Amino acid sequence: MNGEKHSLMSVLWRRKFMIFAVMLGAVFATLLSFHFIPPHYKAQTLILLEQSSSTLETEVAFMQSPAIARKVIDALNLADDPEFNPPKSKTRPVPQDTTSDFKSLEIHAPQLKNLPPELINPETGRIIARFLTRLRVRPIPGSAVLKIEFTSKSPEKAALLANNVANAYMAQKQNSEAKSAEKIEYWLAQRQGYLHQKMENATASTTQYKNENNITAATDNDILIQKITEINRQTIAVKLEKTEVNERLDRLKIAPNTIESPVIKDLKQQETVLSRQYKVLSNRYGAKHPKIIKAQEGLSLLQQQIGQEQQALRISIENQIKTLENRHRTLETEKIFLEKEKNRSSAENRKLDKLLQTENTHKKIYENFLEAQPLHHEQQITENRIISYAAIPFAPFYPDKPLFLSLSVMLSFLIGALLALFLDKTNTAFRSAGDLEKYTGFPCFGLIPYTGKMEKDAIANYVFSSYGGNLAESLRSLRMVMNLRTPKTEEKPKVITMTSSYPGEGKTTLSAWTGQLAARSGTKTIIVDCDLRRPSLHKLFGIKNEKTLADYLTERTELNEIIQTDDPSGLHMIFSTSIPGNALDLISSTRFHMLVTSLRKTYDMVILDAPACLAVSDSRVLAQESDHTFYIVTWDETPREIVNTGVKQFSDMGYKHLSFVLNKVDVQKQARYGYGDVSYYYSPYRHHDKKAA
């Protein structure tokens with residue numbers, strides 16, 4: 001991600017002048033457009049509505065209605081204003097028979113006269129439409145305030161129309177409220193009479209029912225309820241007493257001795273005393289003793305009396321039970337009678353209660369209506385008011401110059417950035433050694449700075465001039481890198497081939513400069529012009545090519561006759577001539593191989609200036625004769641596809657001793673682009689440029 005951001009920023013930085021030019025042009029066009037765009041002014045009036053927020057949208061729609069617009073147009077005679085009724089619109093013919101369009105709808109003339117003018121006259125409708133397009137009404141959020149905004153080319157007209165819209169709205173509102181108040185008063189009077197009549201009818205119905213049923217009060221039902229309650233209490237008491245008496249009767253039947261009464265208790269005490277006496281006498285006398293017999297008779301008499309008393313007690317209890325049962329039946333009968341009376345009285349009271357409730361309801365409704373009438377009058381009076389009239393605006397709102405300028409800057413920057421990215425993506429040339437190595441897979445040994453256009457007679461000695469210091473340094477670095485990259489187990493390259501994708505990329509010039517620097521440093525060097533189609537080495541040094549490589553390869557001369565040794569640097573040269581028909585045969589001949597072998601033994605460095613590899617196949621043959629091949633690529637010019645095609649010719653035959661040289665590098669632009677692979681000589685080069693200037 002950081003790499004992508006850096007790459008993007010590098011592209012933008014490389015194209016910063018183009019982006020700046022796009023931005024400058026956009027700003028200039030924006031400033032120029034301000035002279036052709038007429039200014040528009042906006043004025044605003046504020047109205048406070050004393051109503052709920054739910055009606056704000058309704059009031060907004062009302063203010064923007066054609067009715068309000070027509071009132072303002074008529075009041076200010078805007079039909080004669082060119083801003084709302086341009087002159088060309090006045091020349092439009094108005095149909096004489098305005099009713100012809102409505103005949104199919106069967107609208108009679110009186111009805112047609114009541115239609116709005118904008119429906120009958122299209123011209124009026126267009127004026128209203130233009131007026132409404134300049135009018136904007138909107139509520140201020142969080143408040144009950146409406147903002148009326150009007151736009152016009154004249155600041156005075158904008159304020160005047162905004163204020164007139166507010167005044168027309170207030171007048172229309174007051175007129176509507178007056179008519180609404182009349183309708184409400186009439187309705188309230190009708191409603192009051194209706195409610196009063198309903199109350200009177202309910203009171204009359206209640207009085208009539210009381211008279212018909214002889215009802216004076218509603219207390220009889222309460223007395224009946226009290227009597228029924230008392231009977232229920234007595235019934236419960238009778239039931240409890242009857243239960244107790246039945247229990248006594250049951251005990252009397254089951255265990256007579258458990259029932260005690262004063263008489264029976266007294267008799268039992270006497271029986272106890274006689275029983276003790278009888279027991280004492282029994283221990284003393286026999287069974288037929290008069291005292292024993294007398295005691296027995298006394299006990300029998302007491303027991304007979306006890307039995308009679310118990311029988312009398314049982315009959316008394318049974319009679320008591322019958323009495324309680326009769327009492328219970330009497331109470332039940334009386335209760336039934338009272339229940340019937342209560343039900344009859346309750347029905348009358350319920351109906352009376354309904355009548356009284358209806359009477360009270362109508363009376364309450366009538367009283368509430370009378371109390372609410374003042375509130376109705378208060379609600380009819382609204383407190384809508386204009387809280388701020390529009391002032392004459394001192395500055396136009398359109399065009400918004402700061403906004404337009406900022407937008408133009410942002411949009412132009414975006415367009416410039418996109419254009420820069422597009423140009424960067426569509427430009428397939430190489431700008432750095434890293435790109436070249438990454439794309440081809442072969443190393444790049446050097447970057448040669450661009451020297452500018454020079455005359456031919458100045459090219460040969462440029463590398464030794466005061467201006468060629470940085471160039472010479474880069475060429476020495478190229479040779480040093482080649483030697484350093486050679487494995488220690490192998491011999492340093494002696495035979496070097498210089499080639500490129502197509503002619504004009506500077507391979508002959510680099511061959512000459514490299515050979516001159518090597519020869520000046522004491523290395524025995526020779527450069528061979530192997531381009532038998534377009535030879536140019538002799539032109540570079542300004543020497544005629546009288547005896548050439550072709551003469552030697554065709555055995556018309558000897559080797560020592562074709563070697564030129566008059567260069568001040570000590571560089572030896574073999575020139576060539578153009579024989580395109582036999583060029584490849586001569587380069588691939590045994591005699592050329594023997595020549596390279598002989599030169600390898602004689603010289604420390606042999607430079608073979610080969611033709612462009614895409615034009616002919618000579619460079620591949622020469623690469624087989626050399627220890628290393630330099631492939632020259634023009635910086636920011638040679639397309640990637642061309643380089644890839646040229647490299648493929650060498651990789652297909654398994655050739656590995658190939659490296660690239662990026663030529664004609666614009667050092668200052670390279671540094672601006674953000675590439676760091678020329679920083680080692682950029683500073684002195686820049687210093688040299690300043691000195692030369």
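Hydrogens, waters and symmetry mates play no part in the numbers below; they use all other heavy atoms, side chains included. Predicted, not measured: the structure shown is a model, and the values here were computed from it.
For E325, the salt bridge (Lys or Arg N to Asp or Glu O under 4.0 Å) criterion is met by K242, not counting sequence neighbours. Judged as a side chain to side chain donor-acceptor pair (under 3.5 Å), and not counting sequence neighbours, the contacts of Y389 are N167. Partners of T203 under the side chain to side chain donor-acceptor pair (under 3.5 Å) rule, at least two apart in sequence or in another chain, are E359. Not counting sequence neighbours, the partners of R138 by the salt bridge (Lys or Arg N to Asp or Glu O under 4.0 Å) test are E149.
F34 CZ: more than 12 foreign heavy atoms inside a 6.0 Å radius. K147 NZ: more than 12 foreign heavy atoms inside a 6.0 Å radius. Other residues, nucleotides and ligands contribute at most 12 non-hydrogen atoms within 6.0 Å of the CD atom of Q357.
Residues E334 and K227 fail the side-chain proximity criterion, which asks for heavy atoms closer than 4.5 Å. Between N85 and L78 the shortest side-chain heavy-atom distance does not fall below 4.5 Å.
Applying the salt bridge (Lys or Arg N to Asp or Glu O under 4.0 Å) rule to pairs touching residues 151-164 yields D81-K157, E83-K157, sequence neighbours excluded.
Note: F131 and F150 have tilted aromatic rings, judged against thresholds of 30 and 60 degrees for the angle between ring planes.
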Name every donor-acceptor pair, under 3.5 Å, that has one atom in a side chain of residues 19-27 and the other anywhere in the protein, sequence neighbours excluded.
none

